[in-house]
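What follows is a set of notes on a single structure, which appears directly below.
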Amino acid sequence: MSLSFFNTLTGKVEEFKPLEQGHVRMYTCGPTVYGFAHIGNFRTFVFQDILRRYLKYRGYEVLHVMNVTDVDDNTIRNAQAAGLALREFTARYIEAFQVDRELLNLETPEVVVRATDHIADMVKVIETLIEKGFAYESNGSYYFRVQSFPAYGKLSRTDFSGIRAGARVDADKYDKDSARDFVLWKAAKPGEPAWDTPLGRGRPGWHIECSVMSMKYLGETFDIHSGGSDLIFPHHENEIAQSEAATGKPFVRYWLHSEHLTVNGEKMSKSLGNFYTLRDLIAQGYKPTAIRYLLASVPFRKPLNFTLDGLHQAQQSLDRLRNFHYRLAMEKFPAGENPAFAERARAARLEFETALDDDLNTAEALAAIFNLIREGNTAMDQGEFRAGDRGDFLDALKRWNQIFGVLDDKDHEKLRKLGFVQESEPCGIPDGHPRPPAGTLSSQEIERQIQEREQARRRGDYARADQIRQELLEAGVLLEDTKAGTRWKRR
RNA sequence: GGCGCGGUACCCAAGUGGUAAGGGAGAGGUCUGCAAAACCUUUAUGCGGGAGUUCGAUUCUCCCCCGCGCCUCCA
């Protein structure tokens, strides 16, 4: 089976064929930087990350552009509330977003662009739309005339030909010819940031930035555009209208939309106030990789109901994965090899590739790797696994992890580096179980104490050995005595 | 009202016209100085309800029930 995606535009799963062989040009809608992103936002960003990783895995050269919306009603309002200039205010949350991305192991797109760096480009496209008769001016603002673009509604499968009864017009804010028309350029208001342009003094509307920046870096027609399902209408519908009206060419070939993250069965959103940021969860002692695992484990087109219990389960699953990886890497096996295991590892690889080829079915890809783990453990327990089989299994895990990006536990290092781990500060109590303070001991110190415990064990001083183990546990470090030696984990 | 998504074991969650992946949790077992951890085994005659098509449906069709999303703030 070849790589296929569900395309919102056609409503079907379609084989993916990029415009240019071997190259993929894709645009993803990034955050509006007026606060910390919440994990609902990150569900989409994790999906987009898995998408770009898998495209690369499949041998494509990926040119990925992501935008940052740094001017809109929300950013302006919050910047004013904070008493900061817009640019200064948004810079803080852009930085926070980058920190969160690093914690979640999200790859950096080839091009990251800010709306306010592209005002002139947007003005040019709006001028083109005016020249071609798709846009009009009203009280210093400019609007796209939806009626002039017959294909309007093709993405969201909505028929706008009839007059909608009860449609409300926000005429108190702006003057539009029709309720459906959307703003391209907003006339300056007192006290708001504004740019002096040939269109007059004002600021861009939200939708125009994505059209302009995507086409600037990717061309007038490109392969993939993705975002959360709430962007289908009106944002992406409007992008299509603006872009295709301006160029006369198809805008995007494959539209990919992720379903929402819910909490208690309701969409997680800032307006509902029912959201968790990454930082909220870290403060409660949860690991960023566990969050990534959870967000990645449900296929992107399925709703995902977020619970702390679910996050705990994700953490446990991740431990199982890492335990096997550790055992595979560290345990001593008899010399030789068993060809059946090389074949088994290869089969597992094909299974997860087939799963991901099918519209990025991450749940099946997980099943493929867990089946390999179980069979590997059994073979090791029964003494059938050979030293020469190690490489094949490691290779399968490594390839799987190129997509999932959760196998290595760098959480503690990253949290420390990024200033999240305070010396001697205890973790919270996430699920009713008290947790010992974590992060106060360096890896070197832990290793040293393990050495000391080993010596105590060898001379039969189990009282001392158990004391060290207990002390480490109280410092948030769990010891495991395995055949391959003593292993430690931070809790 | 229009459009769309979902309802699978205690929890999370795949999937197929031919008889239910995987993970968590629970239970049993193995290993270990001890404990912990780890590992193995095990847990749905059943896939929201009803009718139909079929040799056979959880999977297709129709009707119904429930939850959620979008319908110019929103990943």
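Chain naming here is simple, since letters A, B, ... match the order of the sequence lines and numbering starts at 1 in each.
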- prompt: What integer distance in Å separates A:Phe306:CZ from B:rA75:P?
  reply: 18 Å

message: Distance check, C1' atoms only: B:rA38 and B:rC5, in whole angstrom units.
response: 40 Å

message: Assess the residue pair A:Phe404 and A:Ser297 against the criterion (side chain to side chain contact (heavy atoms under 4.5 Å, CB included)); give the C-alpha distance rounded to whole Å, side-chain angles, the decisive distance to 0.1 Å, and a yes or no.
response: CA-CA 9 Å; A:Phe404 282 83; A:Ser297 64; over 6 Å; no

- request: Give the nucleotide from the list B:rA14, B:rA75, B:rG33 with an atom nearest to the side chain of A:Ala465.
  value: B:rG33

query: In terms of ring plane angle, is the pair A:Phe182 and A:Tyr152 parallel, tilted or perpendicular, where the classes change at 30° and 60°?
result: parallel

Opposite nucleotide pairing with B:rU32, Watson-Crick or G-U, both atom distances under 3.5 Å: none

task: Name the nucleic acid region contacted by A:Asn74, choosing base, sugar-phosphate or nothing; use a 4.0 angstrom heavy-atom cut-off, strictly under.
output: sugar-phosphate

query: How does protein reach along nucleotides 35-41 of chain B, written 5' to 3' as B (base within reach of a heavy atom under 4.0 Å), S (only sugar-phosphate), or - (no contact)?
result: BBSSSSS

- request: Would you mind reading off the distance between A:Gln315 atom CD and B:rA25 atom P, rounded to a whole angstrom?
  value: 11 Å

- prompt: With sugar-phosphate meaning primed atoms plus P, OP1 and OP2, does A:Gly40 contact a base, only sugar-phosphate, or nothing at under 4.0 Å between heavy atoms?
  reply: base

field: A:Arg386 to A:Phe341 six-membered ring, cation-pi geometry met (6.0 Å, 45°)
entry: no

- prompt: For B:rG26, what is the paired nucleotide under Watson-Crick or G-U wobble rules, both distances under 3.5 Å?
  reply: B:rU42

message: Classify A:Asp466 by what it touches in the nucleic acid, base, sugar-phosphate, or nothing, heavy-atom distance under 4.0 Å.
response: base

message: Under the criterion salt bridge (Lys or Arg N to Asp or Glu O under 4.0 Å), I'd like the reasoning laid out for A:Glu452 against A:Arg464: C-alpha separation, chi angles, the key distance, then a yes or no.
response: CA-CA 9 Å; A:Glu452 192 187 328; A:Arg464 177 62 188 148; 2.6 Å; yes

message: If I pick the C1' atom on B:rU59 and the same atom on B:rU53, what distance separates them, to the nearest angstrom?
response: 14 Å

- prompt: May A:Phe45 be described as stacking on the base of B:rA75, applying a 5.5 Å centroid limit and a 30° limit on plane angle?
  reply: no

query: Once you round it to whole Å, what is the distance between P of B:rA14 and CZ of A:Arg301?
result: 11 Å

message: Under 6.0 Å between ring centres: does that hold for A:Phe36 and A:Tyr93?
response: yes

- request: Please work out if A:Phe233 contacts a base, only the sugar-phosphate, or nothing of the nucleic acid, heavy-atom cut-off 4.0 Å.
  value: sugar-phosphate

- line: A:Leu261 atom CG is separated from B:rC74 atom C1', nearest whole Å, by 14 Å

- request: Please measure how far the P atom in B:rU54 lies from the corresponding atom in B:rU61, and state the result in whole Å.
  value: 16 Å

message: Between A:Asp72 and A:Thr69, do the side chains contain a donor N or O and an acceptor N or O under 3.5 Å apart?
response: no

task: Go through B:rG6, B:rC74, B:rC3 for me and flag the one nearest to the A:Lys267 side chain.
output: B:rC74

